[in-house]
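See below for the structure under consideration.
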Amino acid sequence: MTDEGHEPGAPEAGGFAVDARDGRVGRVTGRAGPNVRLRPPGGGPEWECPPEAVRPASPGVVLRARVAEINREGQLPR
């Protein structure tokens, strides 16, 4: 762990990460105790992931996640 109490290599709030337990991709929204909080691209319920199971998303995964967010923002209201 770093001197800030975060795991080395854990993405900061606002970055994308992968939950290695099941492969889900999410934007880091913060921390809940020792766990990292993630929200799916484009919205949805957040989930918590232990820091040892979080890894930074690759550039290709980040690109797909950003496209999903942009597409979600561009949808017409129902």
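- The cluster map of Ile, Leu, Val, Met, Phe, Trp and Tyr, joined by side-chain heavy atoms under 4.5 Å apart, puts L38 and V25 in different clusters.
- Linking ILVMFWY residues whenever their side-chain heavy atoms come closer than 4.5 Å, directly or via other members, places V62 and V18 in the same cluster.
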Return all side-chain donor-acceptor pairs below 3.5 angstrom for residues 39-51, not counting sequence neighbours, or 'none' if the list is empty.
unit_1, atom_1, unit_2, atom_2, d
R39, NH1, G44, O, 2.5
R39, NH2, E46, OE2, 2.9
E46, OE1, R37, NE, 2.8
E46, OE1, R37, NH2, 2.6
E46, OE2, T29, OG1, 3.2
W47, NE1, D19, OD2, 2.9
E48, OE1, N35, ND2, 3.2
E48, OE2, R37, NH1, 2.9

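- Here side-chain hydrogen bond (donor to acceptor under 3.5 Å, both in side chains) pairs that include residues 59-69, with residues two or more places apart or in two chains, are R27-E69.
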